[in-house]
Amino acid sequence: MPAPTVAACQTDVADLDPAANLATVGERLAALEDGVDLALFPEYGLTGFVADERVYDAALTRDGTELDRLAAYASDHDLALLAGFVEDAADGQYYNTVAYVTPDGDRTFYRKRHLWAAESEVLATGDDAVTVDTPVGEAGLVTCYDLNFVEVSAAFAREHVDALLVVGAWPGTYSENWRLLLRARALDGVRWVVGCGRTGRRDLPDAPTVDYAGRSAVVRPDGAVGRALNRDERTLVADLDPEILTEQREFIPVLGEDS
């Protein structure tokens, strides 16, 4: 069985401009070589974010034309897609949500459960952990600050997921924390971690300027960084060899100890 190929599309997001961001997703997918099975885009990759009422105008619905377009991209390129956005939900709330979309149109959504700083002023908190069947195996969906919470990692370890798929918009000031946590979450569940981070700068009127970390990475099940980017707007492509996962789980048998 060939090793699945993942692509972390490290992107400079256009805040509050879904049309521009969807165009960027299309361009980045078109530039991929054949054979990619799963492509990740950053947290808020479709909408961007600002912690005031402007974010509501950029929010997307699950059944809107923008998500239909994302599904069309997945079909056209015959790969699964993961991308974040501000969700205008049916319950009247707004969430930091990621969509996992398969080539045949299936959609799975995860709402971030641990909001960072001013996010909580404009968004509601998600309730449920989400796993999906992906080309790299059963995977848990994780958004940015969720990485800091050990109970999130432990719950996914009890389910023996093969990978964590992480989208982030991590401030560059704390970029070492991002890299450290990606490695820790790989090792404490003995699984692959694929982290796709936002790069570039948010520079909107009447909002704090933020330079984002980038530093997308694929981390092996032993916690070693397999491949990584710095802050350039680039795509990281890597094969996730299932034999490596098997070997490391035999070598580090924590999942067999009442996990």
Side-chain angles (χ1 to χ4, degrees), residues 6-18 20-22 24-25 28 38-51 55 58-60 62 66-67 70 80-89 94-101 108-126 129-130 132 139-149 152 163-175 177-179 181-182 185 193-202 204 207-208 210-218 229 231 233-236:
V6 298
C9 301
Q10 185 164 289
T11 307
D12 184 350
V13 176
D15 289 292
L16 311 181
D17 193 344
N21 292 319
L22 277 162
T24 296
V25 170
R28 298 294 290 275
L38 168 62
L40 287 73
F41 288 83
E43 179 183 22
Y44 296 126
L46 302 183
T47 59
F49 176 77
V50 64
V55 79
L60 310 178
R62 294 187 177 193
E66 296 86 358
L67 270 294
L70 194 70
L81 280 174
L82 186 71
F85 63 102
V86 178
E87 179 191 359
D88 181 357
Y94 293 83
Y95 296 91
N96 180 342
T97 299
V98 291
Y100 177 80
V101 183
T108 303
F109 297 91
Y110 166 67
R111 293 168 173 169
K112 187 178 182 182
R113 289 177 288 160
H114 299 90
L115 301 180
W116 168 257
E119 280 187 313
S120 61
E121 298 174 10
V122 292
L123 302 179
T125 303
V130 174
V132 287
L141 303 185
V142 177
T143 301
C144 208
Y145 188 44
D146 289 330
L147 281 172
N148 287 72
F149 293 85
V152 171
L164 298 182
L165 304 179
V166 186
V167 298
W170 208 274
T173 304
Y174 311 112
S175 68
N177 298 26
W178 160 260
R179 182 61 58 81
L181 288 165
L182 291 176
R185 299 293 82 91
V193 170
V194 183
C196 183
R198 176 177 174 173
T199 191
R201 170 178 290 186
R202 184 183 71 192
L204 291 174
V210 181
D211 290 303
Y212 290 98
R215 302 196 76 184
S216 299
V218 170
L229 301 178
R231 293 193 183 185
E233 194 170 17
R234 297 175 54 200
T235 298
L236 183 160

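In this chain, numbering begins with 1 at the start of the sequence shown. Only heavy atoms go into these numbers, but all of them, side chains included; no hydrogens, no water, no symmetry mates.
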What is the minimum heavy-atom distance between [X] and [Y], and which atoms define it?
X	Y	answer
G195	L182	CA-CD2, 4.2 Å
P18	A58	CG-O, 3.5 Å
G48	V86	O-CG2, 3.8 Å
R179	A217	NE-CB, 4.0 Å
A213	R231	O-CG, 3.1 Å
A80	Y100	CB-OH, 3.3 Å

Do the non-hydrogen side-chain atoms of [X] and [Y] ever get within less than 4.5 Å of each other?
X	Y	result
Q10	L236	no
V166	L181	no
V142	R185	no
L16	V50	yes
Y110	T143	yes
N148	H114	no

Would you sort out whether V6 and L165 count as a side chain to side chain contact (heavy atoms under 4.5 Å, CB included), showing the intermediate values?
CA-CA 10 Å; V6 298; L165 304 179; 5.8 Å; no
Check for a donor-acceptor pair, side chain of T47 on one end and backbone N or O of A59 on the other, with a separation under 3.5 Å.
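No; zero donor-acceptor contacts below 3.5 Å.
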So that I can tick it off, tell me whether E87 and R62 are bridged by a salt bridge, with the cut-off set at under 4.0 angstrom between side-chain N and carboxylate O.
yes
What's the spacing between [X] [atom1] and [Y] [atom2] if we round to 0.5 Å?
X	Y	atom1	atom2	result
C144	W178	SG	CH2	6.0 Å
R198	S216	CZ	OG	12.5 Å
F41	T11	CZ	OG1	5.5 Å
L82	L40	CG	CG	5.0 Å
N96	W116	CG	CH2	14.0 Å
D211	R201	CG	CZ	4.0 Å

Plane angle bin for Y44 and F49 - parallel if under 30°, tilted between 30 and 60°, otherwise perpendicular:
parallel
Got more than 12 heavy atoms from elsewhere within 6.0 Å of CZ, F149?
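Atom CZ in F149 is packed in, count exceeds 12.
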Option among L70, V98, L46, N21 that satisfies the side-chain contact (heavy atoms from CB on, under 4.5 Å) test with F85:
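One option only clears the test, and that one is L46.
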